[in-house]
Amino acid sequence: MKNPKFGYARPTTLDEALDLLASSEDAKLLAGGQSLLPVLALRLGSPDLVVDIGRVPGLDEITLAADGSVAIGALVRHAEVEDSHTVAGYAPLVAAAMPWIGHRAIRNQGTTVGSIAHGDPAAEMPAVCLSTSAVMTAVSARGERSIPAADFFDGFLTTALEPDEILTKVTFPPWRTGDRGAVVEQARRHGDYALVGLSARVHVTDGVIDEAVLAFLSVASTPVRVAAAEESLIGSAPSTDAYALAAEVVSNNLTPGADVHATANYRKHLAGVLTKRALEQALMSEVAA
Amino acid sequence: MSPQNEQGVRVVIGGTIDIECTINGEPVAVETEVRRSLSDVIRHEVGLTGTHLGCEHGVCGACTVLIDGKAVRSCLMLAAQADGADITTIEGLADGDEYHPVQQAMHDAMAFQCAFCSPGFILTTVALLDRKPDATGDEIKQELSGNLCRCTGYQSILDGAAKAVELMSETANPPGQPTADQASGERSDV
Amino acid sequence: MTDQRTQTSGLGFVGQSVKRVEDARLLRGQGTFVADVIPSNCLHAAFLRSPFPHARIASINAAVARKLDGVVAVVTGAELEQMTNPFLPFTQQAGLYTPLYYGLSAERVRMVGDPVAIVVAASRHIAEDALELIEVDYEELGPVASISQALNPSSAQLWDKANHNLLYDHTDQFGDVDAVFASADHVFTETFSCPRQSNQPMETRGTLVEVDPVTGDVTVRSATQSSHALRWMLAAYTERTSGLRSLKQFLTNSDRRSGFLAGAKAVFAEKGEALQESDNAGMIDQIKSDKSTVPNLMRTLAGVAGKERYVKVVADDIGGGFGAKGSVAREDVAVAAVAMALGRSVTWIEDRVENLMDGGQAREEDLTMTVAVDADGTLRGLKVDLIIDQGAYPATPVGAALTARIMQVMQPGSYRFEAFEQRSRIVATTKGKYVAYRGPWANETWARERMLNVVARNLGMSQTEIRRKNMYGDEDWPDPANLPTMLTGPTLDVTMSVRKTLDRAIELADLGTFDAAKADAESRGKWFGVGFASYHEAAPGPPNYFDSINPGTGALVDQPGRVTVGVDGKIRVFTSQMPHGQSHETTYAQIAADQLRVGIEDIELVFGDTSRTPFELLGTGGSRGGPVGGGVVRKVSRRLRQELIDSAADLLEANPDDITIEAGNVHVAGVPAKGVSFADIAAHHMKAKGTAIVDRDAVFDVDDNYNGAGDGGWSVATHVCWVEIDKDTGFVEIPRYLVVEDCGPVINPAIVDGQVRGGVAQGIGAVLYEKVAYDERGTHQSTTYLDYLVPTSMEIPTIEIEHLETLSDGENDFRGVGEGGMIGAPAAITNAIEDALDVTITEQHLPPSRILELAGVVEPD
């Protein structure tokens, strides 16, 4: 199980990286490599050129803007996000997702933005991006553009990024007063890809839910929201009944697939169970109050 | 990762790259094919065969090494990515005849059987205790769940890691600092 | 820091958790595993493998691959057939058809992962590049993906000379089965299915064939559980010599007398008659089915007999095996043949995907259990219909038929049945090969212990009541001179203490707490259940155990051992056991050091190297390392002690009865200051014996055999598993797991506990996490560690262990413990899950989605 042949480039500026990326029909970006390296080792992919952006300056920062939004650069490792007080304080759903991502040794090397750019529907961060309305910053020789998370995940391992674009950072909007959230998932073993998971964000005003986003992983070819379930929560006070209704709607609306780990029916059922658990966890303080 | 070689590199398909890094405190320079993983280079070009390959796709953890004190899977890194890095392998832990405290604790706990997985477990424990010197049993169990052992049922390894916490708290503070974060913020409700 | 060095001298190492000798190198990353040795100019091998479960190879073209820079050779299946002999029946049962096959497949592939070509190149990377350049034109044939497909007459046939896909169909009866079933109050029947599992040692398989460029000598370094068996097989399969040349060489070549042939000759001279008894009927059946067996056998024997120089096999550190490395691999033959043909060293290190495809799969069996029982719960009769899915290619030397025989012998278990019948069938399917996996017969325990619970539920009894009522106990062997036997043959004695383990387990489990625990679990949304399972295993078994499996095989299982003292006083113990995690270097040093009154560090264990270790084919397996491997070390060490004392008596001019040894100091009792060292005695002995001693490293040289005869006996246990199952997710937690076991005197408690826990962990994996998955088209769906789920530290609970240490009357009490954990666990866990869900469970693999289906929460897809 050894890597195929490929060319390798290690640019030291973003412009150089963009030039390299545009120079080849089949170039792959390498940041942490925790998704790319297994693909290479199993020879599931064989790029002409691997562009290692590991030494490109300016991409390794977590920045807190004045409005409370948090931007994570392309080279920030999951472990740095996990340990960051800024993320814990201002992007709590991102922080909540971190312990679910593989194991610490993977998080030490893998990058959060790389995981988003990879667009794996079984990964946590794409769902977190959906649930938080994160904004992607894509840069190419043609310039810079912003892509809302809702428009970013196109299909299985496919995103709105053009072949010559680099996802340089992902910005998580301010976490507002009244925002509540939870990341919940169930995997066969600790650290495995989830059988089903979700990143849930709800907003509560005066004891009533006025916004709800339920973004699921491992149930389709992209992370998906279940609008009907979200709508069922709007206008309700946090309650067991409201959660149960949302859970039922989730189960009825999702059409997950089957694999060696679980049947489709089980995944539908589990999505409902986890919906309830995520809402309970997110709104625990509301119910108590 | 720090310190690093900052020069740009461009290698065509089939070409080689010069890598300089520090392994177990010794400077190492090798020329290798760019497609080679860090684990292959450590094992076969540097000759440190204590780093084992169990799955080569990042699941089993046998190939774990420390880069700048942090545990990583050496099978999931190109050697080229480690250019300039400070690497510790299992061979770098003991001080002559003296075991590293984590090795000593694992020995005392009779932690391993075939021990093929032991380099990964030991280095993962070293990294954990560097970050959390007073790691609890649950934290140890959680952290070591990234490494597979097929012989022991894990209990003896967890016991060994717990003994290491004791042993290391008895001796002088180990080198390395807990990860510092640049910014601090107020935590909101989750 | 302290090291092994502090564990010096004295008596009584046996019974203590002496720290592991192996750690000194292994914990420092200084072990020598097969992948760690790469001679200069060594070539690297990779195999092209079939992506299809069953296909005809219409053509194969390696021209482009051969031209790739760095590629030294590409050998296809057809080419390898010209260079080697096929794998041949080794333990041939009557009525068994064993297909002949080569290291590579030439005309047809029969499983995903079937090797069709080998590439050797300057690096493994280049070898894998070349694989992509080999063009194979496959014509797909029908898959045979399950037992039911194999038995369906319309399915494709894998082996032309077999009876469709049925390779073995044999029935034996013990007692008057019809009468017992006719007279019993009830008859219950249920079919239990176990899916395919995989051994999955953390080190994959691997073999380095080193060819000396000057002499042509071949040294094979391999991750093997038996270096002598590998040597024999490689000699047999890589040598194709004409009969005449062979005869000439046999008569003139002295090398044939050394090593393998000498060992084999001794065994066959002594045991030939008994061995013939076992093998003849099987071989006649085989030849009737497949006449090509004869010329291949003759050519192989001629090759072996006339071989000029036998390969030497060396094995150092091995990263686990669990049975998977007991088989001689097809890849080993291909690598050896190519290396010998090229005159170059070649290494092959299996990768994990290869390992998951064909590194060893196991356990896929259906067992229909029919029990005759009286209304009061008295077990009367048992009928078992066993079908084993052996996959495409039979493992060698231990194939599925031997497992079927062992399962039959052990099937009635620890219970007093009056009559027993077993039908055993083996089918061929398009899957990876079925190998021995830690307690290869374990599904007899699983199915029986499951069935007992089914019977108990039907009769309104508890699972502990039905066991206690029917289990053998000390009242069954009042007269040591007149011991009872199991229905299937093996003798029972005081070491079959299984009921003591059950009674102790019942005490520790505290049955009175179950109701409260159930209520508590219910309040947290969980189903609660407890499962019991008991078994006895032959580790090593009574003297008639192997002959009960197959008459004549008892002759094969003598365990040789040797101990020497050099002129420098150095003590070396030689074993044919092949350590791969069991800590032989520590436990054998404990045993020898106790006998010789020296320190642990004074003993060196020599293993793995066929030029240095005694000839024996089993290597390590069958929980034999402690009882017979350790037994022979004790035997030869004890003899050596007497020789040392006799020689010391001569040197010290004293009576041998007055000589004692303390901490390596041999002296007249009470006068330690005037003692002599082992080196002094060796020097004296050498002088006394003169030219009779040729080897300065073996001035004293004691060798002997041991087979457990006179002692042997059973290793027994009761497992109890508690489960709590989340009613919403179907996830199973194990809040408590208890093992009460009796393997006689424990050599090293920490090592024994490690064996038990490791086995239980594999049992937990089998039930809750691991499954080798093939879909109905024969596509392999678990070829990475993302799909084959080896449990982590988060999934394995704390496992409580209590040891009972029943002594026997013989000179050696050690009984084996390597396999037991894996034998008891699947039964205890599935019994607990059944107890929790209150439905009958007939399968062994129970992932969360299946749990919720059984509970009626989720519909199957």
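To find a chain, count down the sequence lines: A is the first, B the second, and so on, and within it residues start at 1. What you see is a predicted model; the values in this text were computed from it and never measured.
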task: With rounding to the nearest 0.5 Å, note down the distance linking SG in C55(B) to CG in N355(C).
output: 11.0 Å
field: side chain to side chain contact (heavy atoms under 4.5 Å, CB included) partners for S623(C), two or more places apart
entry: E537(C), A539(C), E819(C)
query: Salt bridge between R28(C) and D97(B), side-chain N to carboxylate O under 4.0 Å?
result: no
field: Toward chain B, the part of P791(C) with a non-hydrogen atom under 4.5 Å
entry: both
- prompt: Where the side chain of Q155(B) meets the backbone of I799(C), is there a donor-acceptor pair that is under 3.5 Å apart?
  reply: yes
Under 4.5 Å from any heavy atom of chain B - which part of E203(C): both
query: Can you tell which of D36(C), V37(C), T204(C) has the highest number of heavy-atom pairs within less than 4.5 Å of chain B?
result: D36(C)
- prompt: Closest approach of Y154(B) and T792(C), non-hydrogen atoms and distance?
  reply: CE1-C, 3.3 Å
query: Do F112(B) and L26(C) pass the side-chain contact (heavy atoms from CB on, under 4.5 Å) test, and can you show the C-alpha distance, the side-chain angles, and the key distance before you say yes or no?
result: CA-CA 9 Å; F112(B) 297 102; L26(C) 293 176; over 6 Å; no
message: Only pairs of heavy atoms separated by less than 4.5 Å count here; which of T798(C), D351(C), I349(C) has the most with chain B?
response: T798(C)
- request: Using a strict 4.0 Å threshold on nitrogen-to-oxygen distance, state whether R124(C) and E33(B) make a salt bridge.
  value: no
- request: Using modelled atom types only, decide if a donor and an acceptor are shared between the side chain of R150(B) and the backbone of G319(C) within a distance under 3.5 Å.
  value: no
task: Supply the atom-to-atom distance C114(B) SG to M202(C) CE, rounded to the nearest 0.5 angstrom.
output: 8.5 Å
statement: The interface call for Y737(C) against chain B, heavy-atom contacts under 4.5 Å, is neither
query: Do any N or O atoms from the side chain of R352(C) and from the backbone of E56(B) form a donor-acceptor pair under 3.5 angstrom?
result: no
- request: Measure the CG-OG distance between D40(B) and S123(C) for me, rounded to the nearest 0.5 Å.
  value: 9.0 Å
statement: Whatever's closer than 4.5 Å to a heavy atom in chain B on E795(C) counts as neither
query: Backbone N or O of T784(C) within a donor-acceptor pair of the H57(B) side chain at under 3.5 Å?
result: no
message: Please classify the contact between N199(C) and chain B as side chain, backbone, both or neither, with a heavy-atom cut-off of under 4.5 Å.
response: backbone
message: Between M106(B) and D23(C), does the side-chain contact (heavy atoms from CB on, under 4.5 Å) criterion hold? Intermediate values first, please.
response: CA-CA 9 Å; M106(B) 293 293 182; D23(C) 283 355; over 6 Å; no
message: Minimum heavy-atom separation for K141(B) and I796(C), please, with both atom names.
response: NZ-O, 3.9 Å
- prompt: So what's closer than 4.5 Å to chain B heavy atoms on H125(C): side chain, backbone, both or neither?
  reply: both
- prompt: Using non-hydrogen atoms and a limit below 4.5 Å, what part of residues 760-769 of chain C faces chain B?
  reply: A761(C), Q762(C)
task: Check each atom of D129(C) against the heavy atoms of chain B and say whether the ones under 4.5 Å are side chain, backbone, both or neither.
output: side chain
statement: Across all chains, not counting sequence neighbours, the side chain to side chain contact (heavy atoms under 4.5 Å, CB included) partners of A315(C) are T224(C), I318(C), M578(C)
field: Distance (rounded to the nearest 0.5 Å) between Q582(C) CD and Q113(B) CD
entry: 8.0 Å
query: At a heavy-atom separation under 4.5 Å, does A94(B) approach chain C through its side chain, its backbone, both, or neither?
result: side chain
query: Under a 4.5 Å cut-off applied to non-hydrogen side-chain atoms, are L144(B) and M794(C) in contact?
result: no
query: If you round to the nearest 0.5 Å, how far is CD1 of I122(B) from CG of L27(C)?
result: 4.5 Å
- line: Separation between CG (D753(C)) and OG1 (T152(B)), nearest 0.5 Å, reads 12.0 Å
message: If I compare all heavy atoms of H107(B) with all of R20(C), which pair ends up nearest, and what's the gap?
response: CE1-O, 3.4 Å
- request: Compare every heavy atom of V790(C) with every heavy atom of L148(B), then report the nearest pair and how far apart it is.
  value: CD2-O, 3.7 Å
task: Please state whether the side chain, the backbone, both or neither of L789(C) comes within less than 4.5 Å of a heavy atom of chain B.
output: neither
task: Over all heavy atoms of both residues, which pair between V18(C) and M110(B) is shortest? Give the atoms and the distance, please.
output: O-CE, 2.9 Å
- request: Report the option among S145(B), G50(B), A115(B) that has the most heavy-atom pairs separated by less than 4.5 Å from atoms of chain C.
  value: S145(B)
query: Using a cut-off of under 4.5 Å for heavy-atom pairs, which of S583(C), G581(C), G29(C), G821(C) has the most such pairs with chain B?
result: G581(C)
statement: F33(C) meets the ring-ring contact (aromatic ring centres under 6.0 Å, His included) criterion, sequence neighbours left out, with H52(B), F116(B)
- request: Kindly give the heavy-atom pair with the smallest separation between F322(C) and C151(B), and that separation in Å.
  value: CZ-SG, 3.8 Å
